[in-house]
Participant: 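Below is one structure. I have some questions about it.
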Amino acid sequence: VQLQASGGGLVQAGGSLRLSCAASGRTFSYYIVGWFRQAPGKEREFVATIRWSGINTDYADSVKGRATLSRDKGRNTVSLQMNSLKPEDTAVYYCALKTTDYYSGRYYYRESDYMYWGQGTQVTVSS
């Protein structure tokens with residue numbers, strides 16, 4: 001599986017960006033996509049996650065209420081809409097994927113849980 005993250009850029013505080021994660025190659029029926037970010041000098045942290053159904057999502061407290069995940073099954077794409085951006089949102093954003101099964105309702109928040117990673121897209125929020 002190859003993941004391609006895109007949509008990053010430079011935006012003023014209060015602005016919005018829509019990040020996309022496109023999957024190609026091998027596909028899975030049941031999977032979880034996670035978004036993580038890494039700011040300069042900091043560890044990579046969890047941002048948001050969505051299950052294969054496109055219905056179940058979870059968000060880090062730092063972005064809850066400002067971020068919305070969606071899935072376009074036909075395009076094998078997961079998007080992360082980020083609104084009301086803050087300078088502290090500045091980071092490289094990565095998407096990642098892990099396989100799961102139909103019955104599992106569990107969410108995954110650790111980097112080590114995810115098998116496949118995209119290359120990252122830079123988000124810079126100016127004050």
Side-chain angles (χ1 to χ4, degrees):
V1 175
Q2 291 78 46
L3 301 177
Q4 179 76 34
S6 62
L10 173 63
V11 63
Q12 289 187 335
S16 299
L17 281 175
R18 187 176 184 86
L19 308 182
S20 293
C21 179
S24 61
R26 183 180 179 184
T27 58
F28 304 97
S29 297
Y30 309 115
Y31 57 88
I32 294 173
V33 172
W35 282 92
F36 292 77
R37 66 186 182 185
Q38 187 167 22
K42 295 187 178 181
E43 295 185 350
R44 196 175 300 187
E45 64 176 5
F46 167 78
V47 176
T49 184
I50 185 170
R51 293 182 54 79
W52 56 271
S53 63
I55 297 173
N56 305 104
T57 57
D58 200 14
Y59 302 89
D61 289 342
S62 58
V63 302
K64 199 167 291 184
R66 301 187 296 119
T68 304
L69 280 166
S70 60
R71 183 204 64 163
D72 185 335
K73 185 178 181 181
R75 297 184 178 182
N76 288 331
T77 299
V78 168
S79 295
L80 176 65
Q81 177 71 37
M82 296 280 293
N83 300 323
S84 302
L85 283 162
K86 306 174 182 179
E88 50 263 45
D89 293 319
T90 295
V92 177
Y93 283 70
Y94 299 88
C95 61
L97 182 146
K98 76 174 302 306
T99 57
T100 185
D101 56 67
Y102 180 85
Y103 297 102
S104 174
R106 180 182 170 187
Y107 290 111
Y108 295 84
Y109 305 101
R110 301 178 304 178
E111 290 182 65
S112 58
D113 291 325
Y114 290 82
M115 307 167 189
Y116 306 98
W117 288 81
Q119 84 293 356
T121 184
Q122 175 71 48
V123 172
T124 303
V125 184
S126 62
S127 57

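In this chain, residues are counted from 1 in sequence order. All of these numbers come straight from a predicted model, not from anything done at the bench.
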Participant: Looking only at heavy atoms, which two atoms of Cys95 and Ala5 are closest? And how far apart?
Facilitator: SG-CB, 4.1 Å
Participant: Go through Leu19 and Val123 one step at a time and tell me if the side chain to side chain contact (heavy atoms under 4.5 Å, CB included) criterion holds.
Facilitator: CA-CA 9 Å; Leu19 308 182; Val123 172; 3.9 Å; yes
Participant: With sequence neighbours excluded, tell me which residues meet side chain to side chain contact (heavy atoms under 4.5 Å, CB included) with Glu45.
Facilitator: Arg37
Participant: Apply side chain to side chain contact (heavy atoms under 4.5 Å, CB included) to residues Thr49 and Val33 and explain how you reach the verdict.
Facilitator: CA-CA 6 Å; Thr49 184; Val33 172; 6.0 Å; no
Participant: Ile32 versus Arg106: any side-chain heavy-atom pair under 4.5 Å?
Facilitator: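 No, their side chains stay 4.5 Å or more apart.
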Participant: When you look at Arg51 and Asp58, which way does the salt bridge (Lys or Arg N to Asp or Glu O under 4.0 Å) test go after all the steps?
Facilitator: CA-CA 9 Å; Arg51 293 182 54 79; Asp58 200 14; over 6 Å; no
Participant: Are Val47 and Tyr116 connected into the same hydrophobic cluster when the rule is that any two of I, L, V, M, F, W, Y join if their side-chain heavy atoms are below 4.5 Å apart?
Facilitator: yes
Participant: Taking the side chain as everything from C-beta on, heavy atoms only, tell me whether Glu111 gets closer than 4.5 Å to Trp117.
Facilitator: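 Contact flag for Glu111/Trp117 side chains = yes.
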Participant: Closest approach of Ala39 and Thr90, non-hydrogen atoms and distance?
Facilitator: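 Minimum heavy-atom separation between Ala39 and Thr90: CB-O, 3.6 Å.
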Participant: Which atom names give the shortest non-hydrogen contact between Trp52 and Thr100, and what distance separates them?
Facilitator: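 So the two residues come closest at CD1-CG2, 4.0 Å.
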Participant: Using side-chain heavy atoms (C-beta onward) and a distance below 4.5 Å, is Arg18 in contact with Met82?
Facilitator: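 A side-chain contact is absent here, since even the closest heavy-atom pair is not under 4.5 Å.
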Participant: Does any N or O in the side chain of Thr121 come within less than 3.5 Å of the main-chain N or O of Tyr93, such that one atom is a donor and the other an acceptor?
Facilitator: no
Participant: Heavy-atom count check: over 12 atoms from other residues, nucleotides or ligands less than 6.0 Å from Lys64 NZ?
Facilitator: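 Counting neighbours around NZ of Lys64, more than 12 heavy atoms of other residues, nucleotides or ligands fall under 6.0 Å, so yes.
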Participant: Just list the side-chain donor-acceptor pairs under 3.5 Å for residues 23-31, sequence neighbours left out, or say none.
Facilitator:
none

Participant: Counting distance only, does the side-chain N/O of Ser62 pair as donor-acceptor with the main-chain N or O of Ala60 below 3.5 Å?
Facilitator: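 Side chain of Ser62 to backbone of Ala60, a donor-acceptor pair under 3.5 Å: no, none is there.
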Participant: Taking the six-membered ring for Trp and the full ring for Phe, Tyr or His, determine whether the centres of Phe46 and Trp35 are under 6.0 Å apart.
Facilitator: no
Participant: Aromatic rings Tyr108 and Tyr114: how do their planes relate, parallel, tilted or perpendicular, breaks at 30° and 60°?
Facilitator: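 Correct class here is perpendicular.
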Participant: Check for me whether the distance between the ring centres of Phe36 and Tyr94 falls short of 6.0 Å.
Facilitator: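 Aromatic pair excluded; centres sit 6.0 Å or further apart.
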Participant: Can you check side chain to side chain donor-acceptor pair (under 3.5 Å) on Asn83 and Ser16, steps first, answer last?
Facilitator: CA-CA 4 Å; Asn83 300 323; Ser16 299; 2.9 Å; yes
Participant: Judged by atom type as modelled, is there a donor-acceptor pair below 3.5 Å linking the side chain of Arg71 to the main-chain atoms of Ser79?
Facilitator: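 Such a contact is absent between Arg71 side chain and Ser79 backbone.
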Participant: For a salt bridge (Lys or Arg N to Asp or Glu O under 4.0 Å) check, start with the C-alpha distance between Asp89 and Lys86, then their side-chain angles and the critical distance, and finish with the verdict.
Facilitator: CA-CA 5 Å; Asp89 293 319; Lys86 306 174 182 179; over 6 Å; no
Participant: For a 4.5 angstrom cut-off between non-hydrogen side-chain atoms, does Met115 reach Leu97?
Facilitator: no
Participant: Going by the side chain to side chain contact (heavy atoms under 4.5 Å, CB included) test, name the single residue among Thr57, Leu80, Thr68 that passes it with Ile50.
Facilitator: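 For Ile50, the side chain to side chain contact (heavy atoms under 4.5 Å, CB included) test succeeds with only one of Thr57, Leu80, Thr68, which is Thr57.
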Participant: Heavy atoms only: give me the nearest Thr77-Arg75 pair and the separation to one decimal.
Facilitator: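 For Thr77 and Arg75, the tightest heavy-atom pair comes out as OG1-O, 2.9 Å.
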Participant: Looking only at heavy atoms, what is the nearest atom pair of Ala48 and Leu69, with distance?
Facilitator: CB-CD1, 3.5 Å
